[in-house]
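A short worksheet on the structure shown next.
Each chain gets a letter, A, B and so on, in the order its sequence line appears, and its residues count up from 1.
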Number of protein chains: 2
Amino acid sequence: MLRTARTAVTAAAEEATRLPIDTILVGDCIDHMNALPAGSVDLIFADPPYNLQLEQSLTRPDQSKVDAVDDDWDKFDSFAHYDAFTRAWLKAARRVLKPDGALWVIGSYHNIFRVGSALQDLDFWMLNDIVWRKANPMPNFRGTRFTNAHETLIWAAKSQKSRVTFNYEAMKLANDDTQMRSDWLFPICTGAERLKDEADDKVHPTQKPEALLFRILNATTKPGDIVLDPFFGTGTTGAVARKLGRHFIGIEREDTYVSAARKRIASIRPSVFEALQSVTPKRKETRIPFGSLIEQGLIEPGTQLFDLTKRYSAMVRADGSLVSGSHQGSIHKVGALVQGAEACNGWTFWHYDQNGRVVPIDDLRTGVRAKLDLLSA
Amino acid sequence: MLRTARTAVTAAAEEATRLPIDTILVGDCIDHMNALPAGSVDLIFADPPYNLQLEQSLTRPDQSKVDAVDDDWDKFDSFAHYDAFTRAWLKAARRVLKPDGALWVIGSYHNIFRVGSALQDLDFWMLNDIVWRKANPMPNFRGTRFTNAHETLIWAAKSQKSRVTFNYEAMKLANDDTQMRSDWLFPICTGAERLKDEADDKVHPTQKPEALLFRILNATTKPGDIVLDPFFGTGTTGAVARKLGRHFIGIEREDTYVSAARKRIASIRPSVFEALQSVTPKRKETRIPFGSLIEQGLIEPGTQLFDLTKRYSAMVRADGSLVSGSHQGSIHKVGALVQGAEACNGWTFWHYDQNGRVVPIDDLRTGVRAKLDLLSA
DNA sequence: TGAATCAATGAATCCTGAC
DNA sequence: TGTCAGGATTCATTGATTC
């Protein structure tokens, strides 16, 4: 009798801890997370709705319309509603995490401050905020702000005393033997990687690049770990987990996304090594804008520049523009204008007086570049 | 009697609106801000305490101690206290801003999510979050996290309807003619720029580089604007403001910082006036109605206009309107109608035949504008 | 076949002054 | 306060089309 009871209990416990590994659960993420056993997953990656608040439609300068994120799942009545939603899914997420588990969230300035505050309030322990610098962001078409060229990720442990996985050496190796920094450069998801439907439209408006998930899983999980994604979408997390020999649990409400994700993941052939290679971004020559020389105090506003023959001259203004007579603009533009030429490389055309020596401004750029590369290498 | 009263009132009003320009107020920033007249400053730059939670002291691999931020002013008992403090100073800051004013805050993951949420709750309107990528950050000595290589800034307008200053063209030009992005690369403040005391210790633990403020003031203020910094520290904001021909109001509690800042700012040589002028944005150029070109005989009534591909054409009428088939109206309206587009810039869309050369009508406008500006100069 | 050109597009809180 | 209309505004990448 006793033995039978114990067996039943053990079986129930086993049943309860048997996780729906490498599958997608369809439905609300809070309900599904609450149905999972507590303390059962190693990592959570979450890409929740951003709560964008778009007022009107936006057109490009060529009058084409920007295909905005206007899906119902991104609509919230107020910050209060968004906060309630955020706290609810974070609470459920925290429960399902192992004691030494950690969580990643990605967001933009519309929502990330709400999410970050909620995380702290719920006793998650922040480890890093990470900046995903987009190599090819959408420009600001109206010329009213800085190009929105990044998104923010937060990496947080379940609690202050969690001993989370961090593959420091692997990250350092992947970054030419220097510590991986908190700013990551990746292109947005386009081309063959971007899932399209029969009509050749994007299946999901905000599909994340696999390279981003590669780095995250490589950095903060071990092979065989279980990664939960409560906003699975078209399954980038699952695809990368499979490639890297990690297990995933996806939760997604929309049937369209679920079926696209299933098809996508089924076709993945795990191949760790090559995938890892593609993660390392190639080092490009650091670009130094002329304005940064002034910002850094290497050229003072008011400095006179001239060409090698001293036929033309121009004055440097604080904003990085040059003036020469009625001409004004960038070093290149004014260089072209004074000569009546179509184009001009201002870096080699313009010179300044360095203690009596006539030196091209390009020399300053070379110096700054060398210093920057040295510092960030 | 009445006259005297009115005079007194006027004097009081004048007294109240007389701002403590280019000075440092010593004491609590909330008290001082509340004593300033409402709606009186153009921009606020704030570098509040970060609420760093260093559990124990940090040691480098060689066992030397890291001089971490552990000053009293950075201690808060809990997030609740920090939030209360944040809301209090942000409220005071919002009151003192002009209706079209804006605010910058800088922070790290320890505090920026609290600050960002508070901003949104207080009806500030976020314009961008900006990432300052440090060229030479402090490494993570323990190898337990990613190198903390950036800080976050938030640029927010006083309200959603504020028309804030943004020198788009100047930023674009300073960035080699492409839009300035939201990720900025600057070295941290070291070397000669870093203020040191007699013992050769740094005067302030978190002195910001002038390059950062240079970009901020260049991007979001005009010459002569008033910039308030409620956490003035050693006065980077004041130093850059003075260099760039902007006014500052600094507020700082610590005498050590105040005296260092005063000395620092007194030694600054402001830029010459001409160097502070910036490129004129197209939006601000003298408006030339199309009709005036006809009035001035530059285009004759009856002239045929066409687009660059010669797919569409229209005729100029004496009153400055165009006709194309059944369409008629302004150059913009007809340009849009013939293409079936929502909008169209007629100045660049429509061309005319100038002795066999196809020239946009905008070239005529440019000529007229130059002549007009010459006359009025 | 290859080079040159054109077209499409991506998490976007995206105008401003006159009446 | 709103309405109306002038007219200003884009970067990197991919893939298709043309030369």
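- Within 4.0 Å (heavy atoms only), A/Asp47 reaches at least one base atom of the nucleic acid.
- Taking the six-membered ring for Trp and thresholds of 30 and 60 degrees, B/Tyr312 and B/Phe349 have ring planes inclined between 30 and 60 degrees apart.
- Considering only residues two or more places apart in sequence or on other chains, A/His110 meets the side-chain hydrogen bond (donor to acceptor under 3.5 Å, both in side chains) condition with A/Ser108.
- Nucleic acid contact for A/Ser108: none, since no nucleic acid atom lies under 4.0 Å from a heavy atom of the residue.
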**Prompt:** For every nucleotide of nucleotides 14-19 of chain D, 5' to 3': is a protein heavy atom under 4.0 Å from its base (B), only from its sugar-phosphate (S), or from neither (-)?
**Reply:** SS----
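- Rounded to an integer number of Å, the gap from A/Arg60 CZ to C/dT9 P is 7 Å.
- Residue contacts for B/Arg181: at a heavy-atom cut-off of 4.0 Å it reaches no nucleic acid atom on any strand shown.
- Between C/dT1 and D/dC19, the distance separating the two C1' atoms is 12 Å to the nearest Å.
- B/Thr220 and B/Trp104 are linked by a side-chain donor-acceptor pair at a separation below 3.5 angstrom, with hydrogens and angles left out of the test.
- With respect to the salt-bridge test (charged N to carboxylate O, under 4.0 angstrom), the residues B/Asp121 and A/Arg114 qualify.
- For C/dA7 and D/dT10, the C1' atoms lie 14 Å apart once the distance is rounded to whole Å.
- For B/Asn345, whose side chain is taken as the heavy atoms from C-beta onward, the closest listed nucleotide among C/dG10, C/dA11, D/dG7 is D/dG7.
- Under the side chain to side chain contact (heavy atoms under 4.5 Å, CB included) test applied with A/Ile24, the options A/Val258, A/Asp229, A/Ile251 reduce to a single match, A/Val258.
- Taking only side-chain atoms of A/Val69, from C-beta outward, the nucleotide of D/dG7, D/dT10, C/dA11 with the closest atom is C/dA11.
- One finds a salt bridge joining B/Asp362 and B/Arg365 here, because a Lys/Arg side-chain nitrogen approaches an Asp/Glu carboxylate oxygen to under 4.0 Å.
- Between A/Thr236 and A/Arg264, the side chains place a donor N or O and an acceptor N or O closer than 3.5 Å (distance only, hydrogens not considered).
- Within 4.0 Å (heavy atoms only), A/Asn51 reaches no atom of the nucleic acid at all.
- When the nucleotides D/dT9, C/dA12, C/dA11 are ranked by their closest atom to the side chain of A/Pro61, D/dT9 comes out on top.
- Each of D/dA8, C/dG10, C/dA11 was ranked by its minimum atom distance to the side chain of A/Phe141; first place goes to C/dG10.
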**Request:** Go ahead and write out DNA chain C as dot-bracket, 5' to 3': ( ) for pairs within the strand, [ ] for ones crossing earlier pairs, | when the partner sits on another strand, dots for unpaired; Watson-Crick or G-U wobble, both distances under 3.5 Å.
**Result:** .|||||||||....|||||
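- Among the nucleotides D/dT10, C/dA11, C/dT9, the one closest to the side chain of A/Lys134 is C/dA11.
- The distance between atom CG of A/Asp200 and atom P of C/dG10, rounded to the nearest whole Å, is 11 Å.
- Applying the 4.0 Å criterion to OP1 and OP2 of D/dG6, one finds that B/Ser330 has a side-chain N or O inside that range.
- Checking B/Trp347 against A/Met138, the closest nucleotide of DNA chain D that is more toward the 5' end is the one next to B/Trp347.
- Heavy atoms of A/Lys202 sit under 4.0 angstrom from primed sugar atoms or phosphate atoms, though from no base atom.
- Contact check on B/Asp177 versus A/Lys333 returns no salt bridge, with no Lys/Arg side-chain nitrogen under 4.0 Å from an Asp/Glu carboxylate oxygen.
- Applying the ring-ring contact (aromatic ring centres under 6.0 Å, His included) test to B/Phe124 and every residue at least two apart in sequence or in another chain returns nothing.
- Listed nucleotides: C/dA11, D/dT9, C/dG10. Nearest to the side chain of A/Gln63: D/dT9.
- Distance noted for atom P between D/dT9 and C/dG17: 14 Å (whole Å).
- Phosphate contact (OP1/OP2 of D/dG6, side-chain N/O of B/His332, threshold under 4.0 Å): absent.
- Under the side-chain contact (heavy atoms from CB on, under 4.5 Å) criterion, A/Asp71 pairs with A/Val69, A/Trp73, A/Pro205, A/Tyr257, not counting sequence neighbours.
- Under the 4.0 Å criterion applied to side-chain N and carboxylate O atoms, B/Arg181 and B/Asp183 are assigned as salt-bridge partners.
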Find every protein N or O atom lying less than 3.5 Å from an N or O atom of nucleotides 15-19 of chain C, and list the pairs.
residue: C/dC15; atom: OP2; partner: A/Arg142; partner atom: NH1; Å: 3.0
residue: C/dG17; atom: OP2; partner: B/Arg163; partner atom: NH1; Å: 3.0

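- B/Ala102 and B/Val164 get closest at one heavy-atom pair: CB-CG1, 3.9 Å.
- Between C/dC14 and C/dG10, the distance separating the two C1' atoms is 15 Å to the nearest Å.
- Atom CD1 of A/Ile188 and atom P of D/dC11 are 15 Å apart (whole Å).
- In this structure, the ring of B/Trp184 has its center no less than 6.0 angstrom from the ring center of B/Trp132.
- Here A/Lys65 lies out of heavy-atom contact (under 4.0 Å) with every strand.
- Among C/dA12, C/dA11, D/dC11, the nucleotide with an atom closest to any side-chain atom of A/Pro139 is D/dC11.
- Contacts of A/Pro48 with the nucleic acid, taken as non-hydrogen atoms under 4.0 Å apart, include base atoms.
- A/Ser57 comes within 4.0 angstrom of a base, heavy atoms only.
- Among the nucleotides D/dG6, C/dA11, D/dT10, the one closest to the side chain of B/Tyr168 is D/dT10.
- The residue B/Cys344 sits close to a base: some heavy atom pair falls under 4.0 Å.
- If you take CD of B/Gln179 and P of D/dC11, they are 5 Å apart, rounded to a whole angstrom.
- Within the 4.5 Å cutoff, no side-chain heavy atoms of A/Thr86 are placed close to those of A/Asn111.
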